[in-house]
Peer 1: 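What follows is a single structure, and I will ask about it in a moment.
In what follows, every chain begins at residue 1, and chains take the letters A, B, ... in the order their sequences are listed.
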Amino acid sequence: MENMDLAHAIVQAAKFLGAGIAMGFGAIGPAIGEGHIGAYAMDAIARQPEMSGSIVTRMLLAMAVTESTGLYSLLIAFILLFIV
Amino acid sequence: MGIKLNLSRKDKIFFIVFLIIYIVVAVLNYKHVGKLEGVGQRWIIGIGISENITLRLNPLTVIMSWAIMVFLMLSAVKFKKNLRIIPSRFQAFFEYILSFIYEIVEDSIPRKELVKPVFYISATLFLFIVISNILGGFPGIQVVPTDEGIKISLFQDTWFSPTADINTNATYAVMVLILSHAFAIKVKGFWRWFKSFFEPNPLMFPMNVIGELAKPISHSLRLFGNIAGGGILVLILSYMTKYIFIPVILWGFFGLFVGVIQALVFSMLAIAYISAQIE
């Protein structure tokens, strides 16, 4: 790491910056989506507390599907960090 | 509501002794934690068929897949041998899982005669994926390539789960895609299936094809990202804390919780894709 020429240093810096930017912006969408899902699930449970079991199961499933867009950016970040 | 813990005196003594041993071992282990090497790297061997063609093979995926398959077959044989009207614990457990999936299939597949084949597919996928995901939550033997060669690490990382390899997931996703179209041809007949690509008008043909081809990509990458990403995250975090307390919690979360949910999502999406083609 110590004796690295400028070109390699710039590439290294760009890798880390790119991974950070990809993960940071990529996390915005799923966060909003999961917040919406959680909010509406709370709404539904408040209206019908006896249905809470099945609502929670479906909420978790919907969250797992919503998460996938965030995971694509996580993949890009990992590729940038470890593979490129 | 809430779970009440009733611990006897013996249990309390056991837990305290266990915690003390855990902390002592963790503190002694603190200095021996080696440098983290080969994060996100896979052990790959190349098999040359001819000069230009080389097969790139991940041996861990093959070994672990076969181990899980043998385990599933053995438990299936055991299940079949000990069938009783009053179920044992083992039988009740499997009956609960399988009836849960069967109900989902029954609700979403409109044709009665297709319920059973779709159930076989989705239940097989679920059982294989859930076991391989849960294996990713237990510390075990992992092989990683380093600069000097291949390094075998014991209990530093979890067992390698076959679903952390994109090839396994892509195989299953493509299999689901082909099966859904095969079911569609069988149910609707070839010409009605062929025409469904030109709806609502022929201009939409490329869109329909791309839409179909995008399904296996998102289907496989979702599972791969969850399991592989979770594994790398846990490895780095547990290295940072020198394997004290944190890894246990994270292995539980990523291995058991996320693993079971993602296996369920994978098989439910398989059912949904097939039922969308049949209708």
Peer 1: Pull out the residues in residues 43-55 of chain A that come under 4.5 Å of chain B, heavy atom to heavy atom, sorted by number.
Peer 2: none

Peer 1: Taking everything shown except B:F253 itself, do over 12 heavy atoms lie less than 6.0 Å from its CZ?
Peer 2: yes

Peer 1: Please output the residues of residues 62-78 of chain A in contact with chain B, using a heavy-atom cutoff of under 4.5 Å, in numerical order.
Peer 2: A:A64, A:V65, A:E67, A:S68, A:L71, A:Y72, A:L74, A:L75, A:F78

Peer 1: If you count the non-hydrogen atoms of other residues, nucleotides and ligands that lie under 6.0 Å from CG in B:L55, is the total more than 12?
Peer 2: yes

Peer 1: Heavy-atom distances under 4.5 Å only: say whether B:F266 touches chain A with side chain, backbone, both or neither.
Peer 2: neither

Peer 1: Return the option, out of B:L264, B:N226, B:L221, with the maximum number of heavy-atom pairs under 4.5 Å with chain A.
Peer 2: B:N226

Peer 1: Using a cut-off of under 4.5 Å on heavy-atom pairs, state which of B:I232, B:L223, B:V265 scores highest against chain A.
Peer 2: B:I232

Peer 1: Using only non-hydrogen atoms and a strict under-4.5 angstrom cutoff, which residues of residues 29-42 of chain A touch chain B?
Peer 2: none

Peer 1: Which region of B:I236, side chain (C-beta onward) or backbone (N, CA, C, O), has a non-hydrogen atom less than 4.5 Å from a non-hydrogen atom of chain A, or is it both or neither?
Peer 2: side chain

Peer 1: Determine the minimum heavy-atom distance between A:L61 and B:I261, stating which atoms define it.
Peer 2: CD2-O, 4.5 Å

Peer 1: Which of residues 120-129 of chain B have a heavy atom under 4.5 Å from any heavy atom of chain A?
Peer 2: none

